[in-house]
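Notes follow once the structure below has been shown.
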Amino acid sequence: MGIRIEHLHKRFGAFTALDDISLDIHKGELLALLGPSGSGKTTLLRVIAGLEHADGGRILFGGEDASRLGVQERRVGFVFQHYALFKHMTVADNVGFGLKVRSGSERWPARKIADRVEELLSLVQLQGLGGRYPAQLSGGQRQRVALARALAIEPRVLLLDEPFGALDAQVRRDLRAWLRQIHEQTGLTTVFVTHDQEEALELADRVAILNGGRIEQLATPAEAYDRPATPFVYSFVGAVNRLRGRRHGDRIEVAGLALPAASTAGEGELDLYVRPEDLRVGEGGWDAVVVGSQRSGPRLRVRARLEGGQGDEVEVELPVDAQQAHPPGSRLALLPVRYGAFPAA
């Protein structure tokens, strides 16, 4: 089921949490809401779920106006960061809770609920653990139980709020791959909130990057990383060097180097954004002196001071090469092979 969000507004006192948000979420896609704390991503997720009410605008579920529907009527599955499991219930009872509390004709017989619970425990790879309690599980296992519980009610939409935020790095990586697999198996329209750019870029079909209650860019992970639409996106998604320059006609001059002008660069002063991996060692670039370097797995992070302009420092990411150690004080030429330019802030 697709979701259409039209001109949503939400304020908490003097604070604007959502500022005219419009967004189409495609049927069956996995969309990440990415942004820093206070950007509006969790508020947007809660408004979609019906846990918060917008001050203006509306939400359509498959063409139906869901703005006045309650949480149960929307049939969304919601997974919280801190699991929100019932500590006094077994894993099986937690998973089946949403089915057991149904009333009237919607209530399932006990045997059907038990079968559904077993099916979901198998799906989330927790077979045989239905009799345990949450305290007897690891953090990663608890989050799998939380997801199984959200799926039990056969939701039309799955919503996840920082689902891996309370877990350590290795468990997060394992669960990211697992969640992507679950998504492909279920085909559910899924929206998840994260401030972890690596998580969003690895998992999502598309990423909505929020800042100050507005969407700065809606794009595929590759587009958001390779072609950021704004300075904020450049700075928030991935590492980047920022250098001051000036545009002259169809050229921009930065630290003494003339480059073809990017389409986003206005006349006059500008900021050039170039990622560390988009700087190459080669002739025709900036003359630079190495300030320091640090090995990071198969890559070498080099800090270098440009000799032109104001003596700016940049970070360069290079493959490790035994023949090119780049010790402090050594010289190299750096050529930007991909960059963005925007009017100076």
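This is a predicted model, so every value here is computed, not measured. By convention here, the first residue in the shown sequence is residue 1.
- The structure places CG of Leu18 at 9.0 Å from CG of Asp55, a figure rounded to the nearest 0.5 Å.
- Across Leu60, Asp24, Ile21, Val47, a single residue satisfies side-chain contact (heavy atoms from CB on, under 4.5 Å) together with Ile5, and that is Ile21.
- Put simply, the side chain of Phe236 does not reach to within 4.5 Å of the side chain of Leu210, judged on heavy atoms.
- Judged by the 6.0 Å distance and 45° axis criteria, Arg144 is positioned over the aromatic ring of Trp178.
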For this session: Go through the steps to decide whether Val290 and Leu332 satisfy the test side-chain contact (heavy atoms from CB on, under 4.5 Å), and finish with yes or no.
Result: CA-CA 8 Å; Val290 175; Leu332 68 167; 3.3 Å; yes

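- Aromatic ring centres of Phe232 and Tyr234 lie farther apart than the 6.0 Å criterion allows.
- Around the CZ atom of Arg4, the shell of radius 6.0 Å holds no more than 12 heavy atoms that belong to other residues, nucleotides or ligands.
- Counted by atom type alone, Asp196 and Thr194 present zero donor-acceptor pairs between their side chains at under 3.5 Å.
- Across every non-hydrogen atom of Arg156 and Leu188, the tightest pair is O-CD2, 3.9 Å.
- Listed by first then second residue, pairs satisfying salt bridge (charged side-chain N to carboxylate O under 4.0 Å, His left out) with a partner in residues 326-336 read Glu307-Arg331, not counting sequence neighbours.
- More than 12 heavy atoms of other shown residues, nucleotides or ligands fall within 6.0 angstrom of atom CZ in Arg280.
- With a 4.5 Å cut-off on side-chain heavy atoms, Asn241 and Leu279 count as touching.
- Remark: Asp19 CG to Asn211 CG distance equals 11.0 Å, nearest 0.5 Å.
- Of the inter-residue distances, the one linking Ser22 atom OG with Ile215 atom CD1 reads 7.5 Å to the nearest 0.5 angstrom.
- Residue Glu184 places its CD atom among more than 12 non-hydrogen atoms of other residues, nucleotides or ligands, all under 6.0 Å distant.
- Lys87 contributes atom NZ, which lies 14.5 Å from atom OH of Tyr133 (distance to the nearest 0.5 angstrom).
- Between Arg173 and Glu202, no side-chain nitrogen of the basic residue sits less than 4.0 Å from a carboxylate oxygen of the acidic one, so the salt-bridge criterion is not met.
- Hydrophobic clustering keeps Leu179 apart from Leu34 (ILVMFWY residues linked when any side-chain heavy atoms are closer than 4.5 Å, directly or through intermediates).
- Residues Val91 and Leu137 have side chains in contact (heavy-atom distance under 4.5 Å, counting atoms from C-beta outward).
- Rounding to the nearest 0.5 angstrom, the gap separating the CD1 atom in Ile252 from the CZ atom in Arg246 is 12.5 Å.
- For Tyr273 and Tyr339, the ring centers are positioned 6.0 Å apart or more.
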Exercise. Can you check side-chain contact (heavy atoms from CB on, under 4.5 Å) on Leu126 and Leu129, steps first, answer last?
Worked result: CA-CA 6 Å; Leu126 292 177; Leu129 299 184; 3.7 Å; yes

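- Looking only at atom types and distance, the side chain of Arg11 has a donor-acceptor partner in the side chain of Thr16 under 3.5 Å away.
- Interatomic distance, Thr230 OG1 to Ile209 CD1, rounded to the nearest 0.5 Å: 7.5 Å.
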